[in-house]
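Naming: A, B, ... by sequence-line order, numbering from 1 per chain. The model shown is predicted, which means the values in this text are computed figures rather than measured ones. All values below were derived from every heavy atom in this structure, side-chain atoms included, with hydrogens, water molecules and symmetry-related copies excluded.
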2 protein chains.
Amino acid sequence: MQPAITTGETGDRLRAKGIKPSVIRIKVLQYLLENRVHPAVDTIYRALLKEIPTLSKTSIYNTLKALNSKGMIMEIMTPGGEIRYDGYPARHAHFMCLKCGAIKDVSLSCATCLTHGTEGLKVTEEAVYLKGYCKKCSEKLKISNRKS
Amino acid sequence: MQPAITTGETGDRLRAKGIKPSVIRIKVLQYLLENRVHPAVDTIYRALLKEIPTLSKTSIYNTLKALNSKGMIMEIMTPGGEIRYDGYPARHAHFMCLKCGAIKDVSLSCATCLTHGTEGLKVTEEAVYLKGYCKKCSEKLKISNRKS
DNA sequence: TACAATTTTGTAATCAATACAATTTACAAC
DNA sequence: GTTGTAAATTGTATTGATTACAAAATTGTA
Ligand SMILES: [Mn+2]
Ligand SMILES: [Mn+2]
Ligand SMILES: [Zn+2]
Ligand SMILES: [Zn+2]
């Protein structure tokens, strides 16, 4: 399977947002665009380490912070406190499996979920999270419940 | 101002959920019911330390975990990864100020915000978060922007 | 009182994230 | 191509909330 986006295009996207397209920055953004699993920093790091043996984890942190500050990616908070990243910052919700940690996209029906309580507040971001058990994990739990 | 709920009533609530009402457990739950600021563990700890000088922070962690597992309280994820606690687990959204960290209740208009993407998932919890700047902090930011 | 179960405490360990100085790289000027 | 400066990258030390776990204290009961 071919990548949906070329390295050159990724570089252009970065330039358009005022970020100089270094090799690491291109690879990180491209990884997020091609691997829609909402990876953690360490996941991205270990994947890119294969291609860039001198890579430092700090560079991943720096890059993700830059991309996020320009709105090119999205941060996802998790119950464990670890941050996960999403290369598609369009408005949508996230489901997280409490057993295996998988994060799945869920679409939102309402334009806004909120009524009163926001008077005087400057809201810059909205996030909707679901927690529970993914298909695989809930089936495993059923089986282990049957046994006990 | 009198507490909205007596120690005895708080004990009854705990017993009703199968939690033995020790002094610490009563105080922690009561603190959350009377101080609706969505405090962090350390905030609760420092407050109760005045009344219980031998108190250990581990006891706060233990108690909050027990209360949460029985659905008596609610955990709130924050961008910094720190967990904040809410004694009122009824369905509502939370706004967090990125400058001062204040967390404010916001009511939800929709019964559910979600459409497709949840097929096969066992959803146990839904959470809606807003981020931005509270009234005080956004006013301060305006003033400092004027100067620069 | 004696005993077991539960609760509480205190300390060490974990781990993602940050701070920051050192090193390397990119790139323009000469 | 050499030099110089800014930017990018690296590596290490530190932070800070949370967890793990064993010791100590408390509770309830026989
Ligand atoms: Mn997503
Ligand atoms: Mn609340
Ligand atoms: Zn799962
Ligand atoms: Zn504020």
Within the 4.0 Å heavy-atom criterion, would you say [X] contacts the bases, only the backbone, or no part of the nucleic acid?
X       : result
A:Lys57 : nothing
B:Asp42 : nothing
B:Thr58 : base

Please round to the nearest 0.5 Å and tell me the distance separating atom [atom1] of [X] and atom [atom2] of [Y].
X       : Y       : atom1 : atom2 : result
B:Asn68 : B:Asp86 : CG    : CG    : 11.0 Å
A:Thr7  : A:Gln30 : OG1   : CD    : 4.5 Å
A:Leu64 : A:Glu75 : CG    : CD    : 8.0 Å

Which of the following nucleotides, [options], is nearest to the side chain of [X]?
X       : options                : value
A:Ile24 : D:dT9, D:dT19, C:dT7   : D:dT9
A:Ser56 : C:dA17, D:dT19, D:dG11 : D:dG11
A:Glu82 : D:dT18, C:dT7, C:dA16  : C:dA16

How about CZ on B:Arg13, more than 12 heavy atoms from neighbouring residues, nucleotides or ligands closer than 6.0 Å, or not? no
Quick one: [X] [atom1] to [N] [atom2], roughly how many Å, whole number?
X       : N      : atom1 : atom2 : answer
A:Tyr61 : D:dT14 : OH    : P     : 18 Å
B:Asn62 : D:dA22 : CG    : P     : 15 Å
B:Leu64 : C:dT8  : CG    : P     : 13 Å
B:Lys20 : D:dT27 : NZ    : P     : 9 Å
A:Ile26 : D:dT9  : CD1   : C1'   : 15 Å
A:Ile52 : C:dT25 : CD1   : C1'   : 14 Å
A:Arg25 : D:dT10 : CZ    : P     : 11 Å

OP1 or OP2 of D:dT10 versus the side-chain N and O atoms of A:Thr54: is any pair under 4.0 Å? yes
Give a yes/no on whether any side-chain N or O of B:Ser22 is located under 4.0 angstrom from OP1 or OP2 of C:dT8. yes
If D:dT29 has a Watson-Crick or G-U wobble mate with both distances under 3.5 Å, name it; if not, just say none. C:dA2
If pairing means Watson-Crick or G-U wobble with both distances under 3.5 Å, then the partner of C:dA13 is D:dT18
Here's a test of your reading of the structure: between B:Leu55 and A:Val41, which maps to the more 5' nucleotide of DNA chain C? B:Leu55
Is the closest side-chain heavy-atom distance between A:Lys57 and A:Val41 below 4.5 Å? yes
